[in-house]
Q: 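One structure, as structure tokens, below. Some questions next.
Here the structure is a predicted model, which means the values were calculated and not measured.
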Amino acid sequence: MSSGFADLTVQAHQLVSEGDLDGAQRLLADALSDADPRPGNASPELAEAAGLQARVLVALGEPHSARGWAAFAYAAATRLFGRSDERTVTAAATLAAVLHRVGSDARAARLYSDVIIELTARDGPESQRVLAAHADLATVEYARGQCEVARDRLQDAWELHREVYGDGHPSGIKMLAKLGAMERDCGRYADSHEHLTLAEELCRLHLDADDPLAAQVAGLARAAADPDHVCPAPAPAPAPEPPARTTPVVPAARVPPPAEGPHDLPPYSPPALDDPVETPLYHPPGRAAETAHVPTPRTAPEADGFDDYPWPPSAEQPWRPGADPLPPTVVGLADDEPDGVRRVPPPPPESPSRYLPVHVPRPPAAERRARPWLPLVVLGVAVALLLGTIAVIAGVSRVDDGRDTPPPATSAPTPTSAGPAPTTPAAAEPGTPPGRFTLTDRRDSIVLSWTYPAGAEGPVVVAGGRAGQPQGTFATLPAGSADYIAYGLDRTTDYCFTVALVWSTDTVARTGPVCTKRRR
């Protein structure tokens, strides 16, 4: 039975490559009709056939029929190969795409997050598959109403893809077109026009005139905004403080009762805070390596038939499922506020007093009469005081003449600085690892910090992975780096990280692993 499934899968791949999706679906359906429906009894050949059937059904526009086979293939691959295996990651991406098309966006978002983690550990954060998975997650986030999170994630993915692979790569053009469609649905028409126009220009410069992608982008640029899309209302801004008075206020002609209390200043609101390694850690220049920072916690959108996830090419599977003309509506993963966090409403505005200021009339001051003799009197008093002062000084001088003349005072020595001159820290010995390595767990992200040894000039390599599993390189940072933030992590899984300093191609100094401690 196993060899039979293997032969049928090869034949189905051949039909798909020839464009006969209906023939491939019928061939697989006949073979799978008598298969054991329990994933725990599935063979590797059966799991592969079920996954291919799910992808063919999605390409034919039948996601509800594909859901069962996609879930079967993912469960079987997880049991057979483990969560980090290439075949399991592909099955997870297929199931996530199917779940999004049938409306199960919450679970689809969780699966895409798992796919991003596994692919980042396997391929590096700059790989096309990682960036495409970010784009698919942004589509799900957008569909869930997390418009700002989705747009940010998709723009980050596109900018990094453009920097690494250039302007003319088809996957980057797809991401840019999806971003423009998102912005148009959200009412950001200036940004949408800029990005869609750029996508059309890139198609004209880098693609053939009859390329299907060029026609898809052109049709998307001419489409109207989705009238049913409504962006969630932003959180209400705190009430503005009353402007300070520029004119004095006459006090009220009454004594306020004790119940009113004194007029206090508005409450102070503090400003919100923005918020053993089995793989080689360092690749000297000239060797192939894919390393970079992971895009910010944003994601790119996914559309029906406009998928960005690059299915792994092979001789048996040259085909990319899901190449429909237009992208689906984009979605978002932002859930409610985290546990233990709540918004504090602003204090109610202070109600004004019911009593008006009372004007207290005062009689006008009497007009002063001119006194022409007053300046003469003042001048006479000043002259008398001056003469008295001169007499006192003369008397004191005569008394002092009879006294011994004191010795002349010696000048004090010029003070000198007693503090020691500042010194620079001594250079660390070659082979010294980064010091004071700490981990701050924020559930959705993990903040790593360390001290960079004095005198070192090499790059810093951050590696990590699920607790108990081999670690992979997350990023290579420039010399002097002392912190790193890992995004897109599962909130319930523990992770371990190490940091290494590359002193030379032969000397790499690593810290000990630091792990999260989460309650399941």
Side-chain angles (χ1 to χ4, degrees), residues 17 19 59 97 116 119 123-139 142 147 150-226 288-296 298-313 318-330:
S17 64
I116 291 172
L119 290 180
D123 300 345
E126 289 182 348
S127 74
Q128 291 190 35
R129 294 200 298 172
V130 170
L131 297 178
H134 275 289
D136 292 337
L137 177 54
T139 302
Y142 183 84
C147 300
R151 290 195 310 267
D152 289 345
R153 184 187 294 274
L154 183 54
Q155 183 160 0
D156 276 358
W158 168 67
E159 289 175 350
L160 182 55
H161 193 284
R162 183 185 193 186
E163 177 182 348
V164 177
Y165 302 102
D167 285 332
H169 198 283
S171 294
I173 297 176
K174 289 180 184 179
M175 294 180 191
L176 181 61
K178 291 179 184 180
L179 177 61
M182 277 191 196
E183 292 167 333
R184 179 176 57 200
D185 290 345
C186 293
R188 303 166 67 96
Y189 298 112
D191 294 338
S192 173
H193 177 74
E194 176 184 353
H195 289 144
L196 288 173
T197 301
L198 177 58
E200 288 187 293
E201 179 66 14
L202 294 178
C203 288
R204 186 182 66 81
L205 293 175
H206 301 286
L207 301 179
D208 296 334
D210 57 348
D211 193 296
L213 178 58
Q216 295 168 16
V217 172
L220 189 63
R222 292 191 298 268
D226 183 4
E290 287 186 341
T291 51
H293 66 280
V294 183
T296 61
R298 313 176 191 170
T299 321
E302 160 209 73
D304 290 327
F306 210 46
D307 295 325
D308 283 324
Y309 179 79
W311 304 90
W319 162 72
R320 283 174 48 104
D324 293 355
L326 295 180
T329 313
V330 194

Q: For E194, which residues count as a salt bridge (charged side-chain N to carboxylate O under 4.0 Å, His left out) partner, sequence neighbours excluded?
A: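 By the salt bridge (charged side-chain N to carboxylate O under 4.0 Å, His left out) rule, E194 matches no residue at all.
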
Q: So how far is it from Q155 CD to L176 CG, rounded to the nearest 0.5 Å?
A: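 Interatomic distance, Q155 CD to L176 CG, rounded to 0.5 Å: 9.0 Å.
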
Q: Less than 4.0 angstrom from a charged side-chain N to a carboxylate O is my criterion; do R162 and E159 meet it?
A: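 No salt bridge links R162 with E159.
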
Q: Would you indicate whether the side-chain heavy atoms of V217 and L207 approach each other to under 4.5 Å?
A: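 A side-chain contact under 4.5 Å is absent here.
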
Q: How far apart are the closest heavy atoms of D167 and I173, and which atoms are they?
A: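 Closest approach of D167 to I173: O-CG1, 3.8 Å.
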
Q: Rounded to the nearest 0.5 Å, what separates atom CG in L213 from atom CG in D208?
A: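 Here the rounded value is 11.0 Å.
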
Q: Is M175 close to L131 at the side-chain level, that is, under 4.5 Å between some pair of heavy atoms?
A: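 L131 reaches M175 side chain to side chain.
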
Q: For a side-chain contact (heavy atoms from CB on, under 4.5 Å) check, start with the C-alpha distance between E200 and L196, then their side-chain angles and the critical distance, and finish with the verdict.
A: CA-CA 6 Å; E200 288 187 293; L196 288 173; 5.6 Å; no

Q: How far does CZ of R204 sit from CG of L202, to the nearest 0.5 angstrom?
A: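 If I round to the nearest 0.5 Å, the distance is 10.0 Å.
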
Q: Looking only at atom types and distance, does a side-chain atom of Y165 sit under 3.5 Å from a main-chain N or O of G172, one as donor and one as acceptor?
A: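 Checking the backbone N and O of G172 against the side chain of Y165, no donor-acceptor pair under 3.5 Å is found.
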
Q: Quick check: does any side chain N or O of S192 sit under 3.5 Å from a backbone N or O of G180, one acting as donor and the other as acceptor?
A: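 The answer is yes, because a donor-acceptor pair under 3.5 Å joins these two groups.
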
Q: Among H195, R188, R151, exactly one meets side chain to side chain donor-acceptor pair (under 3.5 Å) together with E183. Which residue is that?
A: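 Between E183 and the candidates, side chain to side chain donor-acceptor pair (under 3.5 Å) is satisfied uniquely by H195.
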
Q: By side-chain contact (heavy atoms from CB on, under 4.5 Å), which residues pair with A225, not counting sequence neighbours?
A: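 Counting only residues at least two positions away or on another chain, A225 forms a side-chain contact (heavy atoms from CB on, under 4.5 Å) with R184, D185.
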
Q: Answer whether the closest heavy-atom distance between the side chains of D211 and C203 falls below 4.5 Å.
A: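 They are not in contact (no side-chain heavy atoms under 4.5 Å apart), so the answer is no.
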
